[in-house]
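Scroll down for the structure; my scribbles are underneath it.
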Amino acid sequence: MSTKKNSSKPNIVKTFHIKTFGCQMNENDSEKISGMLKALGYQEETDVNKAGLVILNTCSIRENADERVLGNIGAFKTVKKTNPDLILAVCGCMMQQPEIVNQIVTKYPQVDLIFGTHNLHQVPELLNNYQVNGNRLIEVWEDSDTIVEDLPVDRKYPFKGFVTIMNGCNNFCTYCIVPYTRGREVSRQPDKIFDEVNKLVDDGCIEITLLGQNVNSYGNDLGDAVNFAKLLRELNTIDKLKRIRFMTSHPKDLTDDVIDAIAECDKVCNYIHLPIQSGSTRILKAMNRKYTQENILDRVNKIREKIPGVAITTDIIVGFPGETEADFLETLKVIKRCQFDSAFTFLYSIRTGTPAATMADQIPDEVKHDRINRSLKVLHQISHDINQTYQDQIVEVLVEETSRNNAKRMTGRTRTGKLVNFPGNESDIGTEIMVKITEAKTFSLDGEKIGQEGIHGATHTDDDAISANS
Ligand code: SAH
Ligand code: SF4
Ligand code: F3S
């Protein structure tokens, strides 16, 4: 669809800047957009005010995610006055909602291109069409039952990479917008995933993170021969690959088979992000999560029994409609029983169009804030206690970057996902290093390097998210 905005042909400045909001799914999409733009001869511009093309890849998970994006779009009104050749494109989850697109069309004339989560592959065509006549273009498909393969991907890190294994979500948790913004589940063919991982490894990548809204239901649409446990076992055979991570696991689909695969595959990290959302069976039912408090405890026990040294993290929503003090106390009880290493804790946010938005008994803000503070207190204590068990231990760290506030310190992650800071140098980046933990803090570990990988002494086999980790 094209809407008349101005009749002059824009001058093309082939530099781009992408601002990504939201989850790793969106980050991976931005890497693909960047890959396509570089293939068209565009260069990345780090200064958003100088770029010829700015793309905002949006997230709609909570109200303040939407507000942040609209604030960003608003700011481009003045940028465009000083830089009239700037092309402003907006894409991602917010664009899958017609009322938001309408709002942008009527209130934000500075936006030139709008495309949805199913239209990434059309970026070159859209840009080209826009450049021909300078008319605003909108391309949003409601859903898509195919996955466009072989898009170029411009990876942020050479040593680790995201690999999307499935798109969409079929679960319709009553609070969540994602099924509306990402459509139904579509799994990628295993050979396509295998090819992508092999290519990554050939390019020097040693860690992959498999992405999907619910990776445990991977392959449900591909017949009996394919499932997530099999995929893990298959990828574990890739020689030069060292670490396999995945997110997100839905507790309802975390089978014994998947837990066994994680336990038995040496490359699969002993780390599981398992969002429980609530500990109250009554609230879980209202959320349409399809598991009970007993199911959570059973899964967590099984994970701990089978996977030595495992770290488990979670997501919690407080203040879901109808959540009573008794329900909240059930959540606190489950947090204590499960001993989560850390958690992202969210205030329930109304998402228009979802069933929970119109449920009776919405919880007042002050009650939500009180509950989030009380859960964080419990979560922080647990994180602190678990981290203390790392004191004086030797852990294997994949070094990721220079520490934000000290160029002589490096930062990386253990297989269990713990953030470790230690004195080192840039040549450590992208390698696995053995580090002895000298100080265990609540949100990170400090240590000192004791050598390169291979020493088998390891004893530990933007948001509005208030993380027990930040
Ligand atoms: N597919 C993943 C979660 C993706 S969204 C899963 O099911 O676990 C990431 C997190 O955002 C969710 O786990 C949930 O805790 C939170 N979230 C989603 N919708 C929300 C809403 N309306 N209000 C507050 N938090 C929400
Ligand atoms: Fe949202 Fe639930 Fe799907 Fe996760 S499983 S993306 S929370 S609907
Ligand atoms: Fe991710 Fe936000 Fe969309 S969390 S799937 S970018 S709504």
Side-chain angles (χ1 to χ4, degrees), residues 19-30 56-66 68-69 90-97 100 116-118 120 162 164 166-185 211-218 220 246-254 272-279 283-284 286-291 296 299 312-321 323 331 340 343-359 362-363 365 368 371-372 375 462-468:
K19 228 173 156 173
T20 310
F21 301 82
C23 64
Q24 285 96 338
M25 222 68 183
N26 252 18
E27 280 179 43
N28 193 213
D29 283 351
S30 289
L56 305 178
N57 192 2
T58 67
C59 168
S60 210
I61 199 76
R62 282 166 291 275
E63 194 181 356
N64 35 13
D66 279 1
R68 196 168 317 132
V69 169
V90 191
C91 63
C93 287
M94 277 173 80
M95 301 308 116
Q96 294 299 131
Q97 299 163 81
I100 295 188
T117 56
H118 307 289
L120 286 195
F162 293 129
T164 298
M166 60 197 295
N167 284 344
C169 180
N170 289 353
N171 292 315
F172 289 94
C173 301
T174 53
Y175 50 82
C176 186
I177 198 78
V178 172
Y180 308 89
T181 67
R182 292 275 172 176
R184 294 298 68 73
E185 282 175 13
L211 295 180
Q213 291 302 342
N214 174 11
V215 289
N216 301 133
S217 66
Y218 168 76
N220 282 357
F246 54 87
M247 62 189 331
T248 301
S249 283
H250 193 305
K252 83 175 163 66
D253 299 309
L254 185 66
I272 302 185
H273 183 59
L274 188 72
I276 62 163
Q277 315 299 358
S278 168
I283 293 296
L284 288 167
M287 288 175 161
N288 193 30
R289 290 291 287 182
K290 300 197 174 76
Y291 53 83
I296 299 174
R299 290 298 78 193
I312 311 177
T313 58
T314 197
D315 291 348
I316 307 274
I317 297 176
V318 297
F320 183 82
E323 185 188 69
T331 301
F340 294 113
F344 288 102
T345 316
F346 305 101
L347 302 169
Y348 166 71
S349 168
I350 293 181
R351 304 286 63 211
T352 310
T354 63
T358 49
M359 282 181 187
Q362 298 285 330
I363 305 298
D365 277 354
K368 288 185 195 167
R371 289 183 186 162
I372 208 167
S375 20
D462 52 2
D463 197 5
D464 54 321
I466 303 182
S467 163

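Worth saying up front: this structure is predicted, and the values here are computed from it rather than measured. Just follow the structure's listing: the first ligand is 1, and inside any ligand the first atom is 1.
Atom 1 (Fe) of ligand 3 has an N, O or S atom of C23 under 2.8 Å away, backbone or side chain. Backbone or side-chain N, O or S atoms of C176 do not reach atom 2 (Fe) of ligand 2 at under 2.8 Å.
Residue R182 places a heavy atom under 4.0 Å from ligand 3. Ligand 1 does not have M25 within reach: every non-hydrogen atom of the residue lies 4.0 Å or more from it. Between I61 and ligand 1 there is a heavy-atom distance shorter than 4.0 Å. R182 does not count as a contact of ligand 2, since none of its heavy atoms falls under 4.0 Å from the ligand. Under a 4.0 Å heavy-atom criterion, L347 is in contact with ligand 1.
Within ligand 3, counting atoms from 1 as listed, the ones closer than 4.0 Å to a heavy atom of Q213 are 5 (S). Atoms of ligand 2 lying under 4.0 Å from at least one heavy atom of P179, given by number and element, are 8 (S). Atoms of ligand 1 lying under 4.0 Å from any heavy atom of F346, numbered from 1 in the order shown and given with element: 10 (C), 11 (O), 15 (O), 16 (C), 24 (C), 25 (N). Each of the atoms 6 (S) of ligand 3 lies under 4.0 Å from some heavy atom of N26. Interface atoms of ligand 2 facing V178, defined by a heavy-atom separation under 4.0 Å, are 6 (S). Ligand-side atoms of ligand 2 in range of H250: 5 (S), range being under 4.0 angstrom from any heavy atom. The contact set between ligand 1 and R351, taken as ligand atoms under 4.0 Å from a residue heavy atom, comprises 22 (N).
Of the protein's non-hydrogen atoms, the one nearest atom 3 (Fe) of ligand 2 is C169 SG, 2.3 Å. Regarding atom 15 (O) of ligand 1, its nearest protein heavy-atom neighbour is Q277 OE1, 2.7 Å. Among all protein heavy atoms, the one lying closest to atom 2 (Fe) of ligand 2 is C173 SG, 2.3 Å. Among protein heavy atoms, the minimum distance from atom 7 (S) of ligand 3 is reached at S60 N, 3.3 Å. Nearest to atom 7 (S) of ligand 2 among the protein's heavy atoms is Y175 OH, 3.4 Å. Here the protein heavy atom with the shortest distance to atom 2 (C) of ligand 1 is Q213 O, 3.6 Å. Protein heavy atom closest to atom 8 (O) of ligand 1, with residue, atom name and distance, is P275 CG, 3.0 Å. Here the heavy atom of the protein found nearest to atom 5 (S) of ligand 2 is N171 ND2, 3.4 Å. Of the protein's non-hydrogen atoms, the one nearest atom 4 (Fe) of ligand 2 is R289 NH1, 4.3 Å. The shortest contact between atom 3 (Fe) of ligand 3 and any protein heavy atom is with C93 SG, 2.2 Å. The shortest contact between atom 2 (Fe) of ligand 3 and any protein heavy atom is with C59 SG, 2.4 Å.
When side chains are defined from C-beta on, V318 counts as touching S375, because their heavy atoms get closer than 4.5 Å. M25 is listed as a side-chain neighbour of N167, based on a closest heavy-atom distance under 4.5 Å. Between E63 and S349 the shortest side-chain heavy-atom distance falls below 4.5 Å. Q213 has its side chain out of reach of N170: every pair of non-hydrogen atoms, C-beta onward, lies at least 4.5 Å apart. Residues C176 and T354 form no side-chain contact, since every pair of their non-hydrogen atoms from C-beta on lies 4.5 Å or further apart. At a threshold of 4.5 Å between non-hydrogen side-chain atoms, the residues D315 and I276 do not count as touching. Between C173 and Q277 there is no side-chain heavy-atom pair separated by less than 4.5 Å. Residues C23 and V178 have side chains not in contact (no heavy-atom distance under 4.5 Å, counting atoms from C-beta outward).
Closest approach of Y291 and K252 over heavy atoms only: CD2-N, 3.9 Å. Closest of all the heavy-atom pairs between R184 and P179 is NH2-O, 2.6 Å. When every heavy atom of T181 is checked against every heavy atom of Q97, the shortest pair comes out as CG2-NE2, 4.1 Å. Nearest heavy-atom pair across N57 and G92 is OD1-CA, 3.3 Å. Pairing each heavy atom of T174 with each of A286, the nearest pair is OG1-O, 2.7 Å. The two residues N288 and N171 come nearest to each other via the heavy atoms ND2-O, 3.2 Å.
Checked against a 3.5 angstrom limit, the closest N/O atoms of S249 and ligand 1 fall outside it. Here's the thing with R62: one of its N/O atoms is less than 3.5 angstrom from an N/O atom of ligand 1. At a 3.5 angstrom cut-off on N or O pairs, Y348 does not count as close to ligand 1. Considering backbone and side-chain atoms together, D315 places an N or O closer than 3.5 Å to an N or O of ligand 1.
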Original post:
Are T58 and V90 close enough, and set up right, to give a side-chain contact (heavy atoms from CB on, under 4.5 Å), and what steps lead you there?
Top reply: CA-CA 7 Å; T58 67; V90 191; 3.6 Å; yes
**OP:** Would you please test D66 and R351 for side-chain contact (heavy atoms from CB on, under 4.5 Å) and show each step?
**Re:** CA-CA 10 Å; D66 279 1; R351 304 286 63 211; 3.3 Å; yes
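Taking CG of L274 as the start and NE2 of H250 as the end, the distance is 9.5 Å to the nearest 0.5 Å. In this structure, M287 CE and Y348 OH are separated by 9.0 Å, a value rounded to the nearest 0.5 Å.
When non-hydrogen atoms are compared, ligand 1 lies under 4.0 Å from the backbone of S349 as well as from its side chain. At a 4.0 Å heavy-atom cut-off, ligand 1 touches R289 through the side chain alone. The proximity of Y175 to ligand 1, defined as any non-hydrogen pair under 4.0 Å, involves the side chain as well as the backbone.
For the pair R62 and F346, the cation-pi test (distance below 6.0 Å, angle within 45°) is passed.
The option from T248, T354, L274 that lies nearest to atom 6 (C) of ligand 1, judged by heavy atoms, is T248.
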